[in-house]
Protein chains: 2
Amino acid sequence: MPKSTNRTSGPNRTGITQVAAHAGVSPATVSNVLNRPELVAEATRTKVQEAISELDYVRNSFGSSLRSGRSTSVGLLVLDVTNPFFTEVARGIEEEAAESGLAVVLLNSAESPERQRRNLRLLAEQRVAGAVVMPVDNDLSDLLWLQRQGVHWVALDRGDVPEDVGSSVSVDNREGGLAAGQHLLALGHRRVTFLGGAFAIEQVRLRYEGLRAAFDEAGLDPDEHVELVSLSQLNAHQGERAVDQVLLDGAGRRTRAVFCANDQIALGFMKGLGKRGLRVPDDVSVVGYDDLSVADMVHPGLTTVAQPKYELGRAAMQLLSAQMDGSEQSYERRIFRPRLVMRDSTCALRD
Amino acid sequence: MPKSTNRTSGPNRTGITQVAAHAGVSPATVSNVLNRPELVAEATRTKVQEAISELDYVRNSFGSSLRSGRSTSVGLLVLDVTNPFFTEVARGIEEEAAESGLAVVLLNSAESPERQRRNLRLLAEQRVAGAVVMPVDNDLSDLLWLQRQGVHWVALDRGDVPEDVGSSVSVDNREGGLAAGQHLLALGHRRVTFLGGAFAIEQVRLRYEGLRAAFDEAGLDPDEHVELVSLSQLNAHQGERAVDQVLLDGAGRRTRAVFCANDQIALGFMKGLGKRGLRVPDDVSVVGYDDLSVADMVHPGLTTVAQPKYELGRAAMQLLSAQMDGSEQSYERRIFRPRLVMRDSTCALRD
DNA sequence: CCGAAATCTTGAAACGTCTCAAACCGTTAT
DNA sequence: ATAACGGTTTGAGACGTTTCAAGATTTCGG
């Protein structure tokens with residue numbers, strides 16, 4: 001026995017028809033007032049609008065979308081809702097979407113290909129107008145399927161989507177690594193350890209390559225001056241655990257500069273150093289990656305490579321909108337430049 | 001001239017009807033296979049299922065929801081997509097929703113009542129089955145409007161929703177403050193500063209009250225032993241700026257213990273101490289609130305009051321489901337208990 | 001004051017699915 | 001042989017909106 005407040009199930013919930021009756025016009029006119037008010041005479045328009053607010057009418061998007069074929073929501077498929085990097089991106093997307101009156105359907109693939117697949121299917125069922133997705137891997141077949149279903153998409157944080165297949169928005173990870181390397185070189189460091197070599201992740205590999213490139217450009221052989229320490233997972237805990245392994249390089253020399261694959265590792269590493277009584281940056285310089293908001297909350301402030309996260313989200317949504325509006329498909333690959341943010345976790349090498 | 005890949009606009013996109021034709025049955029049967037397979041004879045069922053996969057059919061949720069009156073998505077209205085507290089909650093909600101095959105529509109009210117209002121309206125238009133909302137203020141009228149529109153909701157992080165009006169899920173902030181206070185008292189501290197008195201925010205006021213209650217219970221007059229420092233905003237920057245103001249209490253004595261309204265303030269405060277060469281916990285003990293993941297990444301590890309964020313999200317979604325399924329409206333108020341996590345930012349008072 | 005043009009309104013047909021009562025069919029009980 | 005029955009299938013509306021051709025009304029030049 002449903003309570004009377006639940007109007008969903010009521011037999012004649014107020015719809016366009018009720019409004020029309022109340023205003024003494026036809027349903028078509030009400031629809032026009034809602035969608036193309038300029039077609040309706042001033043007098044009728046206000047009459048209808050009054051009826052709308054009197055009856056507290058709310059458009060039913062199901063009927064609307066079904067008939068018009070236009071959806072009013074877009075999907076956002078992230079790898080990990082919890083990751084601060086993504087949330088900042090999400091803010092950009094949400095904001096841009098809100099401006100177009102679009103609702104964002106949030107789905108989490110939790111790094112799992114099956115979940116990604118299931119979620120993309122859900123988006124297809126929901127007939128979203130488009131989707132911003134951070135793919136779990138290089139396999140684009142699911143995305144192509146989505147495309148065949150008539151759903152536009154933009155890949156986020158993956159620079160390797162062929163430009164004739166789809167749009168993508170990303171940040172140049174190699175350049176980020178380069179910037180970090182150059183910074184440390186400028187401070188006089190000649191040996192740097194890269195902490196976080198999980199090269200299954202494209203982004204991380206590129207950061208490492210950028211670091212090496214910096215040494216190359218400076219006329220120093222990377223194989224000799226860049227040490228690599230691998231981590232099973234890219235989190236703070238692993239970063240902390242690695243301290244002893246990192247502190248002496250292959251030749252038994254004391255490590256004075258570390259470039260971490262992300263900020264979380266860097267924080268963990270700094271914590272480990274702190275526990276051992278070592279000081280940052282005096283004993284060891286540390287550079288992170290991402291510029292999470294906490295990078296600026298800790299002491300010492302973490303020098304790190306910032307990604308324009310918010311902009312990334314906005315851009316993705318803009319590309320998506322363009323694709324949704326335009327009758328002509330035109331894909332675009334937008335690559336942002338990272339930016340080194342200097343704080344207090346790095347200093348000139350002196351002994 | 002739309003490209004042929006866009007099947008949305010095609011005149012006869014594959015629907016239930018095409019599948020039916022292909023399988024040599026009626027549309028009604030296909031619908032049954034999809035929704036009540038047990039009604040359909042084995043042979044027919046497989047025949048239909050083959051047709052479905054051959055044609056790569058995907059259900060159109062607009063048609064489905066329009067006819068059945070059932071929606072397959074729920075709304076999630078947060079105060080700030082960026083806040084790590086909310087993202088953890090979001091994960092709980094997303095996960096619970098995914099298990100029921102529901103999609104989560106994410107909206108951000110960015111602490112603005114107007115945006116909350118606009119977003120609730122959007123949810124009503126989308127005819128979501130229900131919504132989890134973190135209200136921006138005490139004004140429930142928008143939520144009541146939503147209810148009248150037939151959308152169920154659960155309030156999150158607000159314990160003050162009357163139980164005959166709607167369900168709510170929250171954490172007992174007073175108890176959290178109490179726990180923090182008891183912890184500091186047990187360590188021998190007799191004077192504590194509460195940093196972050198923005199009492200417009202209910203949650204913060206309760207934490208402060210809890211702290212005072214701890215002193216009261218210990219037979220110490222709160223007015224005399226608890227100092228209050230107000231902040232214009234509850235972020236790290238304000239926390240750092242407040243250091244000098246906090247360091248000496250009203251009577252010119254050195255402050256030895258600080259309880260911060262949230263972890264971000266605590267981190268900023270610790271940073272400020274670090275810059276002045278003061279050590280945590282030796283010079284000042286610091287307690288935070290929230291147990292953000294970074295609390296365990298910094299050095300020293302931050303002692304803080306943890307909220308069961310993930311559980312909070314799950315519980316909210318469960319209550320919502322119950323409300324959506326049950327024909328009988330029954331509201332519930334679920335209050336979780338916070339938990340003090342002891343790390344290394346607090347220690348016994350010694351001089 | 002006429003007719004045509006411009007402006008406004010509307011009837012009726014979709015959109016894709018679900019639902020329900022009715023139809024169908026092969027069995028079994030009478 | 002007939003009736004009744006359980007198990008399957010289906011025809012024919014809805015659901016609430018948009019759309020578009022066509023109808024109704026007003027405006028305006030001549």
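We name chains A, B, ... by the order of the sequence lines, and we start the count at 1 in each one.
Spacing between atom CD of Gln126(B) and atom C1' of dG16(D) amounts to 15 Å, rounded to whole angstrom units. When rounded to the nearest whole Å, the span between CD1 of Ile16(B) and P of dC15(C) equals 14 Å. Taking atom CD1 of residue Ile52(A) and atom C1' of nucleotide dG16(D), one finds them 14 Å apart after rounding to whole Å. Between the CZ atom of Phe62(A) and the C1' atom of dT17(C) there is a distance of 12 Å, given to the nearest Å.
No N or O donor and acceptor, one from the side chain of Arg67(B) and one from the base of dC15(D), sit under 3.5 Å apart.
Every residue meeting the salt bridge (Lys or Arg N to Asp or Glu O under 4.0 Å) condition with Arg314(B), not counting sequence neighbours, appears here in chain and number order: Glu96(B), Glu99(B). In this structure, Asp164(A) has no side chain to side chain donor-acceptor pair (under 3.5 Å) partners at least two apart in sequence or on a different chain. Residues passing the side-chain contact (heavy atoms from CB on, under 4.5 Å) test with Ala28(A) are Ser26(A), sequence neighbours excluded. Residues satisfying the side chain to side chain donor-acceptor pair (under 3.5 Å) test with Glu88(A), not counting sequence neighbours, are Arg91(A). For Glu125(B), there are no side chain to side chain donor-acceptor pair (under 3.5 Å) partners at least two apart in sequence or on another chain. Residues satisfying the side chain to side chain donor-acceptor pair (under 3.5 Å) criterion with Asn83(A), sequence neighbours excluded, are absent altogether.
The listed nucleotides are dG16(D), dT18(D), dT17(D); the one nearest the side chain of Leu66(A) is dG16(D).
Phosphate proximity of dC18(C) to Arg59(B): present, with a side-chain N or O under 4.0 Å from OP1 or OP2. Within the 4.0 Å cut-off from OP1 or OP2 of dT9(C), not a single side-chain nitrogen or oxygen of Arg45(A) is found.
A salt bridge (Lys or Arg N to Asp or Glu O under 4.0 Å) check over residues 29-54 of chain B, counting only residues at least two apart or in different chains, returns nothing. Counting only residues at least two apart or on different chains, no side-chain hydrogen bond (donor to acceptor under 3.5 Å, both in side chains) pair has a member in residues 103-112 of chain B.
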Using a 3.5 Å cut-off and no angle test, enumerate the donor-acceptor pairs between side-chain atoms of residues 70-78 of chain A and protein atoms at least two apart in sequence or in another chain.
from: Ser71(A); atom 1: OG; to: Ser73(A); atom 2: N; distance (Å): 3.2
from: Ser71(A); atom 1: OG; to: Arg127(A); atom 2: O; distance (Å): 3.2

Restricting both atoms to N or O, compile the protein contacts to nucleotides 22-28 of chain C shorter than 3.5 Å, with distance only.
none

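The bend of the helix from dC1(C)-dG30(D) to dT30(C)-dA1(D), defined by the angle between the axes of its first five and last five pairs, stands at 50° to the nearest 10°.
Shown here for Gly101(B) and Leu122(A), the closest heavy-atom pair between the two residues is O-CD1, 4.3 Å.
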Derivation of the salt bridge (Lys or Arg N to Asp or Glu O under 4.0 Å) call for Glu94(A) and Arg115(B): CA-CA 12 Å; Glu94(A) 212 279 336; Arg115(B) 288 190 62 169; 3.4 Å; yes
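Of the residues in residues 23-42 of chain A, Ala28(A), Ser31(A), Asn35(A), Arg36(A) come within less than 4.0 Å of DNA chain D through at least one heavy atom, sorted by number.
Among the protein residues, Thr44(A) comes within range of the sugar-phosphate backbone only, with heavy atoms under 4.0 Å from sugar or phosphate atoms but none that close to a base.
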